[in-house]
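In what follows, a structure is listed as structure tokens, so that the remarks can point back to it.
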Amino acid sequence: MTVDLIWKKFPVKQVEVKLSKVLRCGQTFRWKNVNDIWSYTTENKIILLKQDEEYIHYSWIAAEHMQTQSKINCHFDKETLDFIKDYFNLPIKLETLYEEWIEKDGLFKISQQKSAFSKFTGIRILRQEPWETLISFICSSNNNVKRISKMCDNICTEFGKYINEYNGIKYYSFPTAVDLSSSPKVESRLRDLGFGYRAKYIYQTALKFTSDEFPDITLKNLYQLRQENYETAHDFLLQLTGVGPKVADCICLMALDKHDIVPVDTHVYQIAIRDYKFKGKKDLKTMNKKTYHDIRLFFKEIFGDFAGWAQSVLFTSDLSDLNNGVNKIQNTEINIDHTSVKQEQDSIVIERKRGILLDPSSQEQDSDKKVKYEMK
DNA sequence: TCCACGCCTGCATT
DNA sequence: AAATGCAGGCGTG
């Protein structure tokens, strides 16, 4: 089936959104990049995006079963644009926030080296669908971006609804709670798909959303948390299997409009000690409840109402472990001849690499990596 | 209440 | 080349 894509566009500066960063900095795991076109499935269509200096271009492919009439076309155009504006939190102006952060950053930072905020522009927090965010972040424990992406891909292919095909890739929607609790076999199937101990967490969480035993745990109430305060949202999420304080905070920040929440892991803890004036043991491996709380409030006091957003920039700029899948690919390329880069014809990985090569600020990182590697 | 431990897989190191 | 270590958050006892 061949489709003629019709592209529309709207103006956005790259300092407001930089797709190549935002879509692979560890907050979303389901976007694919094929020939510099980003793609993602919703319930009824595949959404396609590409970005140049001044514009984001968007297009869509309706689900296979839907007929394409001019009326639907027009509706889908609007729906897609609305989705993009909402998903990327576009009403929130990043440039102004960055100015505030740079100012505050200077006051608290230990060294006066160039602020991460002037180097890594266009990184913003998405406003993602709460159910997908919940399941994705249950997958994130003890895990890396590459593997989480693969797991999300697997769960859609196995339990989602077929949407359509584009560029030789089949696209599926993200499975619902009903899809994931339909049979106890779900858990063992997820295990087979490489979910490990998270298979049980996902199945049990899905069950809580569909079973009468837990009348308060519903999709509607999950969505309602966007209107509730942080404590309410956090406590609700902790009832779910596989959701602890860190995962709950990720969901609060990335799906539930809690812009001031900083999810704390040991990496964030290290940033607090190394770059800011947080006093704590440098060798702390396991974090207790108090430390977690203290670090979260520490960053909130520095950056204020959008502390979670600010933290995501610091985190992304501190690339050493983050995106390790992507970085590993770069190292492989630099060091070994082409024949060695064969086995994984994984389109996601391959295309990520492409995106990086075309992204000017990432090229700086490329050269950094190269230097580090040669010095070894 | 706090803590140590096990859980799963993929990748890097030895 | 097989064995080991690491990543690093949640649940359990």
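In what follows, chains are A, B, ... by sequence order, proteins preceding strands, each numbered from 1. Just so it is clear, the structure is predicted and the values come from calculations on it, not from any experiment. The basis for the numbers below is simple: all heavy atoms, side chains too, and nothing from hydrogens, waters or symmetry mates.
- Atoms CG (A:Asn154) and P (B:dT9) sit 13 Å apart, rounded to a whole Å.
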Pairs under 3.5 angstrom, nitrogen or oxygen only, protein versus nucleotides 9-13 of chain C, please.
{"from": "C:dG9", "atom 1": "O6", "to": "A:Asn142", "atom 2": "ND2", "distance (Å)": "3.2"}
{"from": "C:dG9", "atom 1": "N1", "to": "A:Asn142", "atom 2": "ND2", "distance (Å)": "2.6"}
{"from": "C:dG9", "atom 1": "N2", "to": "A:Tyr197", "atom 2": "OH", "distance (Å)": "2.9"}
{"from": "C:dC10", "atom 1": "OP1", "to": "A:Gly244", "atom 2": "N", "distance (Å)": "2.9"}
{"from": "C:dC10", "atom 1": "OP1", "to": "A:Gly244", "atom 2": "O", "distance (Å)": "3.1"}
{"from": "C:dC10", "atom 1": "OP1", "to": "A:Lys246", "atom 2": "N", "distance (Å)": "3.4"}
{"from": "C:dC10", "atom 1": "OP1", "to": "A:Val247", "atom 2": "N", "distance (Å)": "2.9"}
{"from": "C:dC10", "atom 1": "O5'", "to": "A:Gly244", "atom 2": "N", "distance (Å)": "3.4"}
{"from": "C:dG11", "atom 1": "OP1", "to": "A:Gly242", "atom 2": "N", "distance (Å)": "2.5"}
{"from": "C:dG11", "atom 1": "OP1", "to": "A:Val243", "atom 2": "N", "distance (Å)": "3.4"}

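- One interatomic measurement links the two molecules: CZ of A:Arg198 to P of B:dC8, which rounds to 9 Å at whole-angstrom precision.
- As rounded to whole Å, 11 Å separates atom C1' of B:dC7 from atom CZ of A:Arg147.
- Taking A:Tyr162 as the reference, A:Tyr172 meet the ring pair (Phe, Tyr, Trp, His ring centres under 6.0 Å) condition, with sequence neighbours excluded.
- Summarising the hydrophobic clusters (Ile, Leu, Val, Met, Phe, Trp, Tyr; side-chain heavy atoms under 4.5 Å, direct or chained), the residues clustered with A:Ile261 are A:Tyr230.
- Taking every heavy atom of residues 179-196 of chain A and every atom of DNA chain B, pairs under 4.0 Å involve A:Arg191, A:Gly194, A:Gly196, by number.
- Base-pairing analysis of DNA chain C finds the following stems of at least three consecutive Watson-Crick or G-U pairs, with both pairing distances under 3.5 Å: B:3-7 with C:9-13, B:9-14 with C:2-7.
- Remark: A:Glu100 pairs with no residue by the salt bridge (Lys or Arg N to Asp or Glu O under 4.0 Å) rule, at least two apart or across chains.
- Rounding to whole angstrom units, CD1 of residue A:Ile138 and C1' of B:dC8 are separated by 15 Å.
- Nucleotides C:dG8 and B:dT13 place their P atoms 15 Å apart, quoted to the nearest Å.
- Between the P atoms of B:dC5 and C:dG5, the separation comes to 15 Å (whole Å).
- Between A:Phe303 and A:Phe298, the gap from one ring centroid to the other reaches at least 6.0 Å.
- Chaining together hydrophobic side chains whose heavy atoms lie under 4.5 Å apart leaves A:Ile6 on its own.
- For the pair A:Lys8 and A:Trp60, the NZ or CZ position fails the cation-pi test of under 6.0 Å to the six-membered ring centre and within 45 degrees of the ring normal.
- Between A:Arg30 and A:Thr41, the side chains place a donor N or O and an acceptor N or O closer than 3.5 Å (distance only, hydrogens not considered).
- Rounded to whole Å, the P atom of C:dC10 lies 23 Å from the corresponding atom of B:dC11.
- Remark: A:Ala255 pairs with A:Pro130, A:Thr133, A:Ile251 by the side-chain contact (heavy atoms from CB on, under 4.5 Å) rule, at least two apart or across chains.
- Comparing C:dG9 with B:dT1, their P atoms are spaced 22 Å from each other, to the whole Å.
- When rounded to the nearest whole Å, the span between CG of A:Asn143 and P of C:dG8 equals 10 Å.
- Going from atom OH of A:Tyr269 over to atom C1' of C:dA7 covers 19 Å, rounded to whole Å.
- Listed by chain and number, the hydrophobic cluster partners of A:Leu297 come to none, as no ILVMFWY side chain reaches under 4.5 Å of it.
- Rounded to whole Å, the distance from OH on A:Tyr292 to C1' on C:dG8 is 13 Å.
- Spacing between atom CD1 of A:Ile202 and atom P of B:dC8 amounts to 13 Å, rounded to whole angstrom units.
- Applying the ring pair (Phe, Tyr, Trp, His ring centres under 6.0 Å) rule to A:Phe299 yields the partners A:Tyr276; only residues at least two apart in sequence or on another chain are considered.
- A side-chain hydrogen bond (donor to acceptor under 3.5 Å, both in side chains) check over residues 176-185 of chain A, counting only residues at least two apart or in different chains, returns the pairs A:Thr176-A:Asp179, A:Ser181-A:Thr210.
- For residues 81-98 of chain A, every residue pair satisfying the side-chain hydrogen bond (donor to acceptor under 3.5 Å, both in side chains) rule, not counting sequence neighbours, is listed here: A:Lys13-A:Glu95, A:Thr28-A:Tyr87, A:Trp31-A:Tyr87, A:Lys78-A:Asp82, A:Asp86-A:Arg127.
- If you take atom P in B:dT9 and the same atom in C:dA1, they sit 25 Å apart, rounded to whole Å.
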